[in-house]
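Here is the structure we will look at.
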2 protein chains.
Amino acid sequence: MEEQVEIVGRAFVDHYYHLFDTDRASLSSLYQPTSMLTFEGQRVVGVHDITEKLSQLPFDQCQHLISSIDSQPYSTNGTAGIVVFVSGSLRLPGEEHPLRFSQMFHLIPSPAGSFFAQNDMFRLNYG
Amino acid sequence: MEEQVEIVGRAFVDHYYHLFDTDRASLSSLYQPTSMLTFEGQRVVGVHDITEKLSQLPFDQCQHLISSIDSQPYSTNGTAGIVVFVSGSLRLPGEEHPLRFSQMFHLIPSPAGSFFAQNDMFRLNYG
């Protein structure tokens with residue numbers, strides 16, 4: 001039976017890549033003002049700058065294919081967060097071979113009762 | 001100039017792989033009873049089970065080569081933690097080609113004033 005934390009992790013990841021591949025600007029709903037994104041080593045902070053960074057990536061269309069999702073809970077000082085570790089591949093228009101990537105999310109409960117991405121780090125895996 | 005969080009992340013990662021490659025049993029010093037390791041999808045909890053899992057991997061000698069280290073801080077309810085995202089390759093004895101891997105650590109301050117790995121997730125990146 002899938003653990004609760006794995007259900008949450010998988011739901012977040014599915015939602016994240018669905019938005020990324022269909023309506024990238026709406027990813028803003030998954031971040032908060034304290035959120036950070038490091039994309040290929042470049043760090044941006046806050047909903048506006050993260051959304052701008054993701055919108056300005058040099059490809060308009062893409063498709064994420066997920067290979068694995070690992071999720072772990074933690075609890076410290078009253079915060080129960082989740083860390084999620086994803087591997088997969090990214091299919092770009094005009095590219096014959098998909099690009100392998102890894103990405104991690106640190107999810108923290110939001111005031112609204114769902115989770116937001118406090119930390120988000122993305123790397124392509126060069127072969 | 002390297003930020004403090006990047007210095008801490010890099011120091012932890014360098015120390016972790018140095019211990020892994022030279023004295024794997026001593027990795028126990030970097031975990032606490034609440035720590036979790038997910039290694040290629042298999043999760044173990046606590047210092048003893050994590051150290052046992054790492055000791056029983058089907059290779060005695062190895063060498064980690066680091067390609068990138070990304071580190072981000074976060075602060076919530078009085079806890080200031082760090083998430084660290086590593087990519088690199090793993091050289092095994094008798095293997096001509098190193099294996100690509102990605103790994104993430106969630107570091108929390110320990111009572112002793114250093115950091116321990118609350119969460120640790122490892123995946124090989126198959127090409």
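Keep in mind the model is a prediction, meaning the values are calculated, not measured. Order of the sequence lines fixes the chain letters, A, B, ..., with proteins taken first and strands second; residue numbering starts at 1 for each chain.
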Measure distances from [X] to the heavy atoms of chain B and classify the residue's part below 4.5 Å as side chain, backbone, both or neither.
X	result
T34(A)	neither
L99(A)	neither
F122(A)	backbone

Exercise. Heavy atoms only, distances under 4.5 angstrom: which of M104(A), H97(A), Q118(A), Q103(A) has the most pairs with chain B? Name it, please.
Key: M104(A)
Quiz item: Of all of V83(A), D120(A), I108(A), which one pairs up most often with chain B through heavy atoms under 4.5 Å apart?
Solution: V83(A)
Practice problem: Show the numbers, then the answer: is there a ring pair (Phe, Tyr, Trp, His ring centres under 6.0 Å) between Y16(A) and F105(A)? | Solution: CA-CA 10 Å; Y16(A) 181 94; F105(A) 301 98; 4.7 Å; yes
Quiz item: Are side-chain N/O atoms of Q72(B) and N119(A) paired as donor and acceptor at under 3.5 Å?
Solution: yes
Practice problem: Using the ring pair (Phe, Tyr, Trp, His ring centres under 6.0 Å) rule, take H64(B) and F101(B) through it: C-alpha gap first, then chi angles, then the decisive distance, then the call. | Solution: CA-CA 9 Å; H64(B) 289 81; F101(B) 74 89; 5.4 Å; yes
Exercise. Check each atom of V86(B) against the heavy atoms of chain A and say whether the ones under 4.5 Å are side chain, backbone, both or neither.
Key: neither
Quiz item: S71(B), S67(B), P73(B): which one forms the most heavy-atom pairs within less than 4.5 Å of chain A?
Solution: P73(B)
Quiz prompt | Within residues 38-57 of chain A, residues adjacent to chain B where the heavy-atom gap is under 4.5 Å | solution = T38(A), G41(A), R43(A)
Quiz item: Would you call S87(A) and R100(A) a side-chain contact if the rule is heavy atoms closer than 4.5 Å?
Solution: yes
Quiz prompt | Any D14(A) side-chain heavy atom under 4.5 Å of I66(A) side chain | solution = yes
Exercise. Please report the shortest heavy-atom distance between Y31(A) and A117(A), naming the atom on each side.
Key: CD2-O, 3.7 Å
Quiz prompt | N77(B) atom CG: more than 12 heavy-atom contacts under 6.0 Å | solution = yes
Self-check item: Expected output: side-chain E95(A) to main-chain L92(A) donor-acceptor under 3.5 Å
Solution: no
Practice problem: Indicate, with yes or no, if the rings of H106(B) and F85(A) have centres closer together than 6.0 Å. | Solution: no
